[in-house]
Amino acid sequence: MSEQKLKSDIDTIAAVIDTLDVGEASKIRAVILYGSYGRGEGAFYEENGKTYAYNDYDLLLVVSKHLESSTFDHLKGELKRKLSIKWVDLSQATVRNLQAFPPTIYSYDLKYGSTMIRGDENVLENIPVSFPEEITLKDVEILYFTRLYTFMGSLPRTGFTRKLEGEDARFFRYQMAKAVFAVIDSLLVVSGQYHPSYRERLRRISGKNAELDELGAWAMEQKLHPGGAGIEPEEIENLYVSTLKLFMETMFDGLSRLYQTSVKSTDDIKKAVMSMNGGIRMKLKGMIKRNSYQRHFRMLKLNLAQSYLAEAFFQDGKLREASLEKASELLEQVVPGSNLNADDWHGLRMKTAELRTDQP
């Protein structure tokens with residue numbers, strides 16, 4: 001059923017593109033579905049006899065010249081309406097843009113893990129990355145800060161005290177699965193063995209860590225078929241604890257390699273990140289509009305707040321108090337006057353998740 005659903009949606013995407021006027025349509029050299037659905041590993045679930053795509057569709061238009069903003073916005077709206085999904089991530093890029101893509105997980109996945117809906121079959125060859133060894137350790141930092149959200153926003157405020165059911169259970173499991181794959185991705189980037197396919201990534205780390213093998217097999221199933229069956233508080237906490245522990249240990253090791261210094265705490269990360277950002281602070285001020293500069297450091301503060309909260313989860317006593325206080329101070333800088341309770345881990349977690357979701 002999932003294959004039929006994906007094929008039907010791809011046909012719908014092509015049909016919507018066909019509604020563009022001739023002038024705008026002539027700018028499009030290729031229409032590409034990337035991300036998990038592009039490589040045939042997207043999440044689907046059944047409900048009331050119907051099959052639904054669980055995630056967003058990621059679409060890239062390779063264009064000779066960027067579409068008019070009115071055309072682009074209309075196209076995005078029509079795709080969302082006709083596909084009946086929560087969100088369509090639609091972007092556009094010229095060949096020159098593709099040629100400037102840095103060697104990242106994103107560009108590697110785009111080049112080697114996408115479905116060409118229509119257009120120039122060779123256009124993605126313009127992306128310069130060719131081997132997984134070219135992906136830099138900077139992607140470990142991106143994975144760390146991005147996937148911390150899975151621990152901040154995956155649970156309601158009741159946390160580990162209430163059974164999750166339906167969409168709440170599905171969302172929690174799916175977020176934990178994303179965190180598990182972030183662990184796997186980090187390990188593969190560090191070893192120069194990254195691969196676009198989830199299944200191949202699992203194969204490449206198999207046999208090295210029994211706990212990760214077990215979590216990886218579970219995450220693969222959730223990635224493909226996110227389950228909405230009820231999950232009891234004890235199971236919620238056990239999954240959360242084991243995933244977060246493995247996540248923090250793996251990421252701190254990868255970040256140590258990136259920063260070329262021992263990373264054992266969020267304070268270490270903050271010192272390294274602020275040092276690196278200090279070097280570009282004046283450049284950002286001089287080259288980027290003020291609001292862009294502010295967004296950059298707003299996001300940095302949110303990232304660090306998340307890290308302190310994740311670390312605090314395993315701490316107690318004075319160490320926990322200090323981490324929560326640091327997270328609270330960072331959040332207050334992002335939203336002055338929030339009057340946050342530095343003793344309320346769940347409250348700070350929920351506020352951080354809210355701010356991450358509301359990022360402009």
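Below, each value reflects all heavy atoms present in this structure, side chains not excepted, and no hydrogens, waters or symmetry copies.
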Asks: What orientation do Trp345 and Phe160 show, parallel under 30°, tilted 30 to 60°, or perpendicular over 60°?
Replies: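 If you compare the ring of Trp345 with that of Phe160, the planes turn out parallel.
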
Asks: Answer whether the closest heavy-atom distance between the side chains of Met116 and Val123 falls below 4.5 Å.
Replies: yes

Asks: Under the criterion side chain to side chain contact (heavy atoms under 4.5 Å, CB included), I'd like the reasoning laid out for Leu75 against Gln92: C-alpha separation, chi angles, the key distance, then a yes or no.
Replies: CA-CA 12 Å; Leu75 184 59; Gln92 54 183 329; over 6 Å; no

Asks: Report yes if the side chains of Asn303 and Tyr144 come closer than 4.5 Å at any heavy-atom pair, otherwise no.
Replies: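 They are not in contact (no side-chain heavy atoms under 4.5 Å apart), so the answer is no.
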
Asks: Is the closest basic N to carboxylate O distance between Glu41 and Arg199 below 4.0 Å?
Replies: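 Yes, this pair counts.
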
Asks: State, with a plain yes or no, whether a side-chain heavy atom of Phe151 is found less than 4.5 Å away from one of Arg349.
Replies: no

Asks: Spell out, as yes or no, whether a donor-acceptor pair under 3.5 Å connects the side chain of Arg39 to the backbone of Pro196.
Replies: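 Present.
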
Asks: Does the ring center of Phe247 lie less than 6.0 Å from the ring center of Tyr240?
Replies: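 Aromatic pair excluded; centres sit 6.0 Å or further apart.
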
Asks: Are the charged groups of Asp344 and Lys351 less than 4.0 angstrom apart, N to O?
Replies: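 Salt bridge: no.
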
Asks: Does the distance from a Lys or Arg side-chain N to an Asp or Glu carboxylate O, for Lys7 and Glu3, drop under 4.0 Å?
Replies: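 A salt bridge is absent here (no side-chain N lies under 4.0 Å from a carboxylate O).
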
Asks: Any donor-acceptor pair under 3.5 Å linking the side chain of Glu24 with the backbone of Glu68?
Replies: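 Such a contact is found between Glu24 side chain and Glu68 backbone.
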
Asks: With a 3.5 Å distance limit and no angle check, can you tell me whether Gln333 reaches the backbone of Lys301 through a side-chain donor-acceptor pair?
Replies: no

Asks: Counting only N and O atoms by type, is there a donor-acceptor contact under 3.5 Å from the side chain of Ser154 to the main-chain atoms of Phe172?
Replies: no

Asks: Within the distance-only criterion (no hydrogens, no angle test), does the side chain of Ser256 pair as donor or acceptor with the backbone N or O of Phe252 below 3.5 angstrom?
Replies: yes

Asks: Taking C-beta and beyond as the side chain, do Thr104 and Ile142 meet within less than 4.5 Å on heavy atoms?
Replies: no

Asks: Using the rule that two of Ile, Leu, Val, Met, Phe, Trp, Tyr join whenever any of their side-chain heavy atoms come within less than 4.5 Å, decide whether Leu324 and Phe313 are in one cluster.
Replies: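 As far as the 4.5 Å side-chain criterion goes, Phe313 and Leu324 are connected within one cluster.
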
Asks: Apply the test salt bridge (Lys or Arg N to Asp or Glu O under 4.0 Å) to residues Asp267 and Lys271: give CA-CA distance (whole Å), side-chain angles for both, the deciding distance (0.1 Å), then the verdict.
Replies: CA-CA 6 Å; Asp267 282 342; Lys271 182 178 179 181; over 6 Å; no

Asks: Check whether Ser206 reaches the backbone of Leu202 with its side chain - one donor and one acceptor, N or O, closer than 3.5 Å.
Replies: no

Asks: If you take all heavy atoms of Asn341 and Leu348, which pair is closest and at what distance?
Replies: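 Answer, listing the atom of Asn341 first, then Leu348: O-CG, 3.8 Å.
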
Asks: Using the rule that two of Ile, Leu, Val, Met, Phe, Trp, Tyr join whenever any of their side-chain heavy atoms come within less than 4.5 Å, decide whether Leu60 and Trp87 are in one cluster.
Replies: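 Leu60 does not cluster with Trp87.
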
Asks: Looking only at heavy atoms, what is the nearest atom pair of Ser114 and Leu110, with distance?
Replies: OG-O, 2.7 Å

Asks: Can you establish whether the number of heavy atoms outside Lys27 located under 6.0 Å from its atom NZ is more than 12?
Replies: yes

Asks: Picking from Glu237, Glu234, Glu235, Glu232, what satisfies salt bridge (charged side-chain N to carboxylate O under 4.0 Å, His left out) with Lys163?
Replies: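 So, applying the salt bridge (charged side-chain N to carboxylate O under 4.0 Å, His left out) to Lys163 and each of Glu237, Glu234, Glu235, Glu232, only Glu232 qualifies.
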
Asks: Looking at Glu332 and Asn339, would you say the former's side chain and the latter's main chain have a donor-acceptor pair under 3.5 Å?
Replies: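 Yes.
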
Asks: Is the closest basic N to carboxylate O distance between Arg257 and Asp253 below 4.0 Å?
Replies: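 Counted as a salt bridge, because a side-chain N and a carboxylate O are separated by less than 4.0 Å.
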
Asks: Please examine the side chains of Met220 and Phe181, heavy atoms only from C-beta on, and report whether any two atoms are closer than 4.5 Å.
Replies: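 Yes - at least one pair of side-chain heavy atoms lies under 4.5 Å apart.
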
Asks: May I ask you to test the Asn55-Tyr174 pair for a side-chain heavy-atom distance under 4.5 Å?
Replies: yes

Asks: Is the shortest heavy-atom distance from the side chain of Ile269 to the side chain of Tyr308 under 4.5 Å?
Replies: no

Asks: Under 4.5 Å between side-chain heavy atoms, hopping through other hydrophobics if needed: is there a path connecting Tyr149 to Met350?
Replies: no

Asks: Within the 3.5 Å criterion, strictly below it, is a donor on Glu311 or Ser323 matched to an acceptor on the partner's side chain?
Replies: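 Side-chain D/A pair, Glu311 to Ser323: absent.
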
Asks: Other residues, nucleotides and ligands only: do more than 12 of their heavy atoms fall within 6.0 Å of CD on Glu329?
Replies: yes

Asks: Does the side chain to side chain contact (heavy atoms under 4.5 Å, CB included) test come out yes or no for Asp213 and Ile205, once each step is laid out?
Replies: CA-CA 8 Å; Asp213 284 349; Ile205 58 96; 3.9 Å; yes

Asks: State which residue, out of Thr94, Asn126, Leu98, Val31, fulfils the side-chain contact (heavy atoms from CB on, under 4.5 Å) condition with Val62.
Replies: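 For Val62, the side-chain contact (heavy atoms from CB on, under 4.5 Å) check succeeds only for Leu98.
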
Asks: Tell me if a side-chain donor or acceptor on Asn122 pairs with a main-chain N or O of Glu125 at a distance below 3.5 Å.
Replies: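 No; zero donor-acceptor contacts below 3.5 Å.
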
Asks: Taking the side chain as every heavy atom from C-beta outward, state whether Met251 and Leu143 have any atom pair closer than 4.5 Å.
Replies: yes

Asks: Taking the side chain from Thr266 and the backbone from Ser307, do they hold a donor-acceptor pair closer than 3.5 Å?
Replies: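 Indeed, once roles are kept as given, a pair shorter than 3.5 Å links the two residues.
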
Asks: Stepwise, does the side chain to side chain contact (heavy atoms under 4.5 Å, CB included) test hold for Val241 with Phe314?
Replies: CA-CA 9 Å; Val241 169; Phe314 294 109; 4.1 Å; yes

Asks: Under 3.5 Å, is there a donor on one side chain and an acceptor on the other for Tyr259 and Glu141?
Replies: yes

Asks: Assess the residue pair Gln222 and Met176 against the criterion (side chain to side chain contact (heavy atoms under 4.5 Å, CB included)); give the C-alpha distance rounded to whole Å, side-chain angles, the decisive distance to 0.1 Å, and a yes or no.
Replies: CA-CA 9 Å; Gln222 295 304 313; Met176 291 301 99; over 6 Å; no

Asks: Strictly distance-based, threshold 3.5 Å: is any side-chain N or O of Lys76 a donor or acceptor partner for the main-chain N or O of Leu90?
Replies: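 No; judged by distance alone, with no hydrogens or angles, the pair does not exist.
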
Asks: Let me check something: do Ile10 and Tyr57 share a hydrophobic cluster, defined by ILVMFWY side-chain heavy atoms less than 4.5 Å apart, either directly or through other members?
Replies: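 In one cluster: yes.
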
